[in-house]
Amino acid sequence: LTPTRELAMQIHKHLSDIIADMDKAYQEQTKKDQACSEQEEYDVNADLSITYAPVTITTVVGGIAEQKQIRLLSKQPDIVVATPGRLWTLISQGNKHLKNLHLIQFFVLDEADRMVQKGHYQELDNIIQRVINPVNTRDTFDDNDDDVDNMKALEQRRKQLLRLTKRQTFLFSATLSIGSVGR
């Protein structure tokens, strides 16, 4: 999450460049592996030298048609760079890809001090709450057992799911000042 569309687009460009470099390195390694496979002295363990899966990225910001962003999210990108306002709008509309935010592996909050200053606080708080807690535990567990109605069983399952989900949270700010209240 980032406070402005311009910064989100800049982050998207930098991440795209990194992904392109990964693609290039993977292509070069694949060519080397193919050349080695034609030789008799091919080492079967050489295939283990590089592991790569294509990474997809989408930007979700105001000023771009919501329908286009919904279509891009339907492709289930690995990385979503967003501003809080548009992201919260799409979450509120029930976007399927954004439904399980509590399962994300990495949550990055960039320019945190500016987000609060710019009036994004309520949207940001709503998004953070979705990252921390599943919204609808029935959908989360997708369980048809009779004990789903038992709140203790539901809470226990939710805690198990959250323990399995290892999320790292990154908070970035160049000018963050924490007063005595914030500590």
Checklist entry - If you round to the nearest 0.5 Å, how far is CG of L15 from CE of M22? => result 10.5 Å
Item to check | Flag side-chain contact, heavy atom, 4.5 Å: V131 against H102 | outcome: no
Item to check | Validation row: F107, R167 side chains within 4.5 angstrom (heavy atoms) | outcome: yes
Next on the checklist: Can a donor-acceptor pair be found, under 3.5 Å and without considering hydrogens, that links the side chain of H97 to the backbone of P77?
Outcome noted: yes
Checklist entry - Under a 4.5 Å side-chain heavy-atom rule over Ile, Leu, Val, Met, Phe, Trp and Tyr, are I132 and L124 clustered together? => result yes
Next on the checklist: Whether the side chain of Q69 engages the backbone of V61 through a donor-acceptor N/O pair (distance < 3.5 Å, no angle test) should be reported.
Outcome noted: yes
Checklist entry - Shared ILVMFWY cluster between F172 and L87, side chains joined below 4.5 angstrom? => result no
Item to check | Reported CD1-to-CD1 distance for the pair I18 and I57, which is rounded to 0.5 angstrom | outcome: 9.0 Å
Item to check | Considering all heavy atoms, the nearest P84-E123 contact | outcome: O-CB, 3.9 Å
Next on the checklist: Evaluate Q10 against E6 for side-chain contact (heavy atoms from CB on, under 4.5 Å), listing each step before the verdict.
Outcome noted: CA-CA 6 Å; Q10 182 181 14; E6 294 77 16; over 6 Å; no
Item to check | R5 side-chain N/O to A82 backbone N/O, donor-acceptor pair under 3.5 Å | outcome: no
Next on the checklist: Which heavy atom of R114 sits nearest to which heavy atom of P3, and what is that distance?
Outcome noted: CB-CG, 4.1 Å
Checklist entry - Looking only at atom types and distance, does a side-chain atom of T56 sit under 3.5 Å from a main-chain N or O of D78, one as donor and one as acceptor? => result yes
Next on the checklist: Assigning hydrophobic clusters by single linkage (Ile, Leu, Val, Met, Phe, Trp, Tyr; side-chain heavy-atom cutoff under 4.5 Å), is V108 placed with I127?
Outcome noted: no
Next on the checklist: Please report the interatomic distance CG(L109) to CG(L1), rounded to the nearest 0.5 Å.
Outcome noted: 6.0 Å
Checklist entry - How long is the gap from CD1 on I70 to CG on L98, to the nearest 0.5 Å? => result 9.5 Å
Next on the checklist: Strictly distance-based, threshold 3.5 Å: is any side-chain N or O of N100 a donor or acceptor partner for the main-chain N or O of L103?
Outcome noted: no
Next on the checklist: Within the 4.5 Å heavy-atom criterion, are L90 and E66 side-chain neighbours or not?
Outcome noted: yes
Item to check | V80 and T59, any side-chain heavy atoms less than 4.5 Å apart | outcome: no
Next on the checklist: Walk me through whether M9 and T2 qualify under side-chain contact (heavy atoms from CB on, under 4.5 Å).
Outcome noted: CA-CA 10 Å; M9 299 303 246; T2 184; over 6 Å; no
Next on the checklist: Do I91 and L101 have side chains that approach each other closer than 4.5 Å (heavy atoms only, starting at C-beta)?
Outcome noted: yes
Item to check | side-chain contact (heavy atoms from CB on, under 4.5 Å) between T4 and T83, worked out | outcome: CA-CA 6 Å; T4 65; T83 54; 5.6 Å; no
Checklist entry - Between I79 and F106, is any pair of side-chain heavy atoms under 4.5 Å apart? => result no
Checklist entry - About how many Å separate CG of N95 and OG of S74, when rounded to the nearest 0.5 Å? => result 8.5 Å
Checklist entry - Do R130 and W88 come within less than 4.5 Å of each other through their side chains, counting heavy atoms only? => result yes
Checklist entry - How close do S173 and A112 get, heavy atom to heavy atom, and via which atoms? => result CB-N, 4.1 Å
